[in-house]
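Naming convention: chains lettered A, B, ... in sequence-line order (proteins, then strands); numbering from 1 in each chain. None of the values given here were measured: they were computed from a predicted structure. Worth knowing before you read on, the calculation uses all heavy atoms, side chains too, and leaves out hydrogens, waters and symmetry mates.
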Amino acid sequence: MLDKTFDAKTVENDLYRQWEESGVFAANPEGNATPYTIMMPPPNVTGSLHMGHALTFTLQDVLIRYHRMRGRDALWQPGSDHAGIATQMVVERQLEAQGVTRHDLGRAGFIDKVWEWKAQSGGTIQRQLRALGASADWPRERFTMDDGLSAAVRRIFVMLHRDGLIYRDRRLVNWDPKLHTAISDLEVEQRETTGKMWYMRYPLAEDPSRFLVVGTTRPETMLGDTAVAVHPEDERYADLIGKTVRLPIVGREIPIVADDYADPEKGSGAVKITPAHDFNDFEVGRRNGLRLINIFDLNAALRGGPMELYVFTPEGHTEPLTDAAGTPLTETLPEAYQGLDRFAARDKVIAEIEAAGLLEKIDDNPMTVPYGDRSGVVIEPWLTEQWFVDAKELAKEPIKAVEEGRTRFVPTHWENTFFEWMRNIQPWCISRQIWWGHQVPAWFGPDGTAFVEESEEEALAAAETHYGKAVELVRDPDVLDTWFSSALWPFSTLGWPEQTPDLARYYPGDVLVTGFDIIFFWVARMMMFGHYAMGDVPFRDVYIHALVRDAKGQKMSKSKGNVIDPLDLIDQFGTDALRFTLAALAAQGRDIKMSEGRVQGSRNFATKLWNAARFCEMNDCRPADGFDPAAVKLTLNRWIIAKADAAAGKVAEGLDAYRFNDAAGAAYAFTWNTFCDWFVEFAKPLLSGEDAAARAETQATAAWVLGRILVLLHPFMPYVTEHLWQALTQGQGGQLIAARWPDSGALAAPEAEAEMDWVVELISTIRSVRSEMNVPPGGRLPLLVKDAGADTRQRLETHGALIERLARLESIALVDDAETKGAAQMVLGEATLLLPLAGVIDIDQEKARLGRDIAAQEKEMAKLDKKLGNPGFLAKAPPEVVAEQRERLDEATQTRDRLSAALARLEA
RNA sequence: GGGCGCGUAGCUCAGCGGGAGAGCACUCGCUUCACACGCGAGGGGUCGCUGGUUCAAUCCCAGCCGCGCCCA
């Protein structure tokens, strides 16, 4: 016997272990079934489960469980990524607590520490995923730093390099002065602030009494200015183009150039150009052949010693500027500035400019400032040599694939975001100046020539060929962006570069499920590398889900203190409740506002289901051997079977279209509002009645429908459904997770449906009037039915017992002409229902009620009359629509007439 | 400034060319033999505003107002 409520805590762990140990999560590469593949977006190894994870992994698990039940060979590939910067920071912080730096340990020693840390703390999220019920193929779990995946990184790096799609270049990168590494554009957060615009006067070299006023938000960079730009059509400055100004403080003579970048409307119309410290200025420098001077060191402090000068090559790259003898040319900053932090330098520059009378004015200026998303410090555009991926070239195939629908975004509007980014993509800086990650497979010879190979041996061999003798090589110390290895995930996890059977079978995946925030970081890059390495899309569909927010719609964040921990919700309401809530709220294109109340509602639903099962158990509703749902006799049973069949169709339709909310809603509505609210109540008289055949059929039907419900709800609520399945079949039904999802559509029964819908309406009508007339809930009344047609008579005959029970009637009688004095009257179809309420009924109240009903019908009639009186409507609307409106008018008219007759009788 | 999305019942949201829906909240009633994490009955909406297309607009189009996100 089942307990009174479902206690999630007592069953979840055991059931999960049972599933996992039975091997049902595993893909079956040897089988004949068509694969269904989802590559789990690998969570960060330092991560722990937050609400966003809970959503994304719930939806993936729903899909995986659904398709597994449909008979597909489901592969859900789990794993995690090594999160280069984040992990290195975590481990460094730990070391710091012991007073040790990574430099004390050395590179190899530090990396050992990271692996130690991973062994201890790296499995957190995998445990939490299990708590969430995630049915991933755990023995296949991969980590981006695994040997195989690392080999894949080296292989594709070498391939891309040979194809010229990876190259080394000296250009501006986003430099994080705290972490001492380059980061990609995507790792830079643009924050809105109100800064200042300082206007400085630069004296003309040939006439120091004349000035050019330049505006800047970063005065300290003036130390690296190599030009001033004005707009070519700006008449104010036309005569100055080609002349030079003398840079204050430094004394450098720099040209005045004409470039569209200078906006005549903005400030003075003249703009200082610092090509080594601003992305826009870099482009101006390239167009105008300007010099570059890198004035900052890796801490973004002003440099001490001599600073090299660079120039642009005709190809747009940069190279050191040398004298005729090939000796690099340098400059040195004024001594007072050397070693100053960038912000201290700013103050000093302004003070000195002001003291020299060269400060024109200072304005407030709304602007965006770049911050490192990991370090939180202001990012410095910095001139340095890095490895880049030619993203523009690699983007071509993915763009085509989306244009041609070979990869489909759901909802489709994310295509725009994807196209927008992919068509304007910049070179991707992939090298990082940290230790934890895949070290760049490049070795440098004595003259700086790079040998890019998969191993040191190959590099040495290549170098020997190149130099004609064996030489010593130094490996590039940098590592690759974590996303570089994550981009290989859809095929590296399947064994690539080996041509494994798994790779042939499970690539490409069916769907990638993720949030929009990593479309660029990850989705786009998987598509680039997938096409490059595999010649095909990495997945057919990309389902982009919403962000989970708090109940007020605010983004959850630790600093706001509004984070809801999914594990707390699981603890309070059970995993099924959390999962069902997330799925039911996952409507396309709208963010999810999570609140405890919603989860509580889902918990209540689980309890409702539990109690329905308990009812079945108490009434000996057990699955019958050889039960054929198409062969049942009783209308009631044919009706609920048809409804269950339709519900299965709706759930499947929802899931097939990634409409999780529709799917969850359909299962919920059928379970609660059809099965529990009506069928169970209808079944009661039969289950306790004398007719053994009817009882047996109803028991078997109830068990069958409950089984269907468990199947339909299993993807959403795996624990309670599995537990009930095994309890109700007493272990004879196997595991629900491995049960077959039903085909639907073959069990429709329109006549049974019409009949039972009529019964429902009859009971509802009587209940409504009882309530309105304040009939005591326990009081049983006789029901008189006037003008009943053949169908009505037959239906009353068939369902009399349950109508009496649910409408609380003492009897049902057919009458020709009834004593209506003191009776409440209702119209249902052709028949009029009378509830004699002599002594109870307030005649005036009843008249008013009938009057309201009549008015409502007449309002409807007026609306339909108007529509049907419109010649345009009759001429242009589809005939079936016109017919439907006519029918509705007829119905309303007849109902109105019967209500009027009832009113007349009351007044007689 | 560019792009995307959203304004429907008190709240959170479905619906998206032909009868305004759900959950929660609210009101009233209920020890009805599965369930008070429940049962029954209700109240509540010029479907942001203004135009247009259409026989017909909450739904399609345009503009406006308000809100959010992304990018510059």
Inset, instruction - Assign a letter to each nucleotide of nucleotides 22-30 of chain B from its 5' end: B, base within under 4.0 Å of a protein heavy atom; S, sugar-phosphate only; -, no contact. - result: -------SS
Between the protein and nucleotides 57-61 of chain B, list the N/O to N/O atom pairs that are separated by less than 3.5 angstrom.
none

Legend entry - Bracket notation of RNA chain B in which parentheses pair within the strand, [ ] cross earlier pairs, and | pairs with another strand (Watson-Crick or G-U, under 3.5 Å): ((((((((.[[[[.)..(..]]]].(((((.......))))).....[[[[[..)....]]]]]))))))).
Legend entry - Interface with RNA chain B, restricted to residues 868-875 of chain A and to heavy atoms under 4.0 Å: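 Under 4.0 Å from RNA chain B: A:N870, A:G872, A:F873.
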Inset, instruction - Check each residue of residues 891-899 of chain A for a non-hydrogen atom within less than 4.0 Å of any atom in RNA chain B, then write out the ones that pass by number, or none. - result: none
Spacing of the [atom1] atoms in [M] and [N] (rounded, Å):
| N | M | atom1 | answer |
| --- | --- | --- | --- |
| B:G21 | B:U46 | P | 15 Å |
| B:C60 | B:G15 | C1' | 15 Å |
| B:C26 | B:G10 | C1' | 8 Å |
| B:U32 | B:G23 | P | 23 Å |
| B:A9 | B:C47 | C1' | 10 Å |
| B:G29 | B:A22 | C1' | 23 Å |
| B:A62 | B:U53 | C1' | 10 Å |
| B:C59 | B:G18 | P | 11 Å |

May I ask you to evaluate whether [X] reaches the phosphate of [N], defined as a side-chain N or O under 4.0 Å from OP1 or OP2?
| X | N | result |
| --- | --- | --- |
| A:R659 | B:G15 | yes |
| A:K608 | B:C39 | yes |
| A:S768 | B:G42 | yes |
| A:K866 | B:C55 | no |

Sub-4.5 Å side-chain heavy-atom contact between [X] and [Y]:
| X | Y | value |
| --- | --- | --- |
| A:E617 | A:L728 | yes |
| A:Y658 | A:L59 | no |
| A:V827 | A:D853 | no |
| A:F660 | A:L655 | yes |

With heavy atoms under 4.0 Å as the rule, sort [X] into base, sugar-phosphate or nothing.
| X | result |
| --- | --- |
| A:R770 | nothing |
| A:C676 | base |
| A:D677 | sugar-phosphate |

Measure from the side chain of [X], starting at C-beta and using heavy atoms only, and say which of [options] lies closest.
| X | options | result |
| --- | --- | --- |
| A:K863 | B:A41, B:A14, B:G19 | B:G19 |
| A:S764 | B:G19, B:A41, B:U32 | B:A41 |
| A:R805 | B:A20, B:C33, B:G40 | B:C33 |
| A:R888 | B:A34, B:G19, B:C55 | B:G19 |
| A:Q885 | B:G19, B:A14, B:G5 | B:G19 |

Determine yes or no for a side-chain-to-main-chain donor-acceptor pair under 3.5 angstrom, with [X] supplying the side chain and [Y] the backbone.
| X | Y | value |
| --- | --- | --- |
| A:K650 | A:A667 | no |
| A:N661 | A:A584 | no |
| A:K392 | A:R423 | yes |
| A:R622 | A:C616 | no |
| A:E860 | A:L889 | no |

To the nearest Å, give me how far apart [atom1] ([X]) and [atom2] ([N]) are.
| X | N | atom1 | atom2 | result |
| --- | --- | --- | --- | --- |
| A:N619 | B:C35 | CG | C1' | 13 Å |
| A:Y658 | B:A14 | OH | P | 20 Å |
| A:E415 | B:C4 | CD | P | 13 Å |
| A:F521 | B:C71 | CZ | C1' | 14 Å |
| A:F6 | B:G38 | CZ | C1' | 18 Å |

Side chains of [X] and [Y]: is there a donor and an acceptor less than 3.5 Å apart?
| X | Y | answer |
| --- | --- | --- |
| A:Q857 | A:T895 | no |
| A:Q726 | A:E722 | yes |
| A:E187 | A:S184 | yes |

Inset, instruction - Look at the side chain of A:R603 against the base of B:C37 and say whether a donor-acceptor pair falls under 3.5 Å; ignore hydrogens and angles. - result: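 Such a pair is found, so the answer is yes.
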Inset, instruction - Supply the atom-to-atom distance A:D677 CG to A:L806 CG, rounded to the nearest 0.5 angstrom. - result: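 Those atoms lie 11.0 Å apart.
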Inset, instruction - Can you measure from CH2 (A:W678) to CG (A:L802) and round to the nearest 0.5 angstrom? - result: 10.0 Å
Legend entry - Evaluation steps, salt bridge (charged side-chain N to carboxylate O under 4.0 Å, His left out), between A:R695 and A:D691: CA-CA 6 Å; A:R695 184 169 66 233; A:D691 185 337; over 6 Å; no
Parallel under 30°, tilted from 30 to 60°, perpendicular over 60°: which one fits the rings of [X] and [Y]?
| X | Y | result |
| --- | --- | --- |
| A:F675 | A:F670 | tilted |
| A:W610 | A:H723 | parallel |
| A:F409 | A:F418 | tilted |

Between side-chain atoms of residues 769-781 of chain A and protein atoms elsewhere (two or more places apart, or another chain), which donor-acceptor pairs fall under 3.5 Å?
{"residue": "A:R770", "atom": "NH1", "partner": "A:G779", "partner atom": "O", "Å": "3.1"}
{"residue": "A:R770", "atom": "NH1", "partner": "A:A807", "partner atom": "O", "Å": "3.2"}
{"residue": "A:R770", "atom": "NH1", "partner": "A:R808", "partner atom": "O", "Å": "2.8"}
{"residue": "A:R770", "atom": "NH2", "partner": "A:P776", "partner atom": "O", "Å": "3.2"}
{"residue": "A:R770", "atom": "NH2", "partner": "A:P777", "partner atom": "O", "Å": "3.3"}
{"residue": "A:R770", "atom": "NH2", "partner": "A:G779", "partner atom": "O", "Å": "2.7"}
{"residue": "A:E772", "atom": "OE2", "partner": "A:R852", "partner atom": "NH2", "Å": "2.7"}
{"residue": "A:R780", "atom": "NH1", "partner": "A:L809", "partner atom": "O", "Å": "3.0"}

Legend entry - Closest-nucleotide ordering on RNA chain B, the 5'-leading residue of A:E884 and A:F675: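 Final value for this comparison: A:E884.
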Legend entry - Which residue lies more 5' along RNA chain B, comparing A:A613 with A:N416 via nearest heavy atoms: A:N416
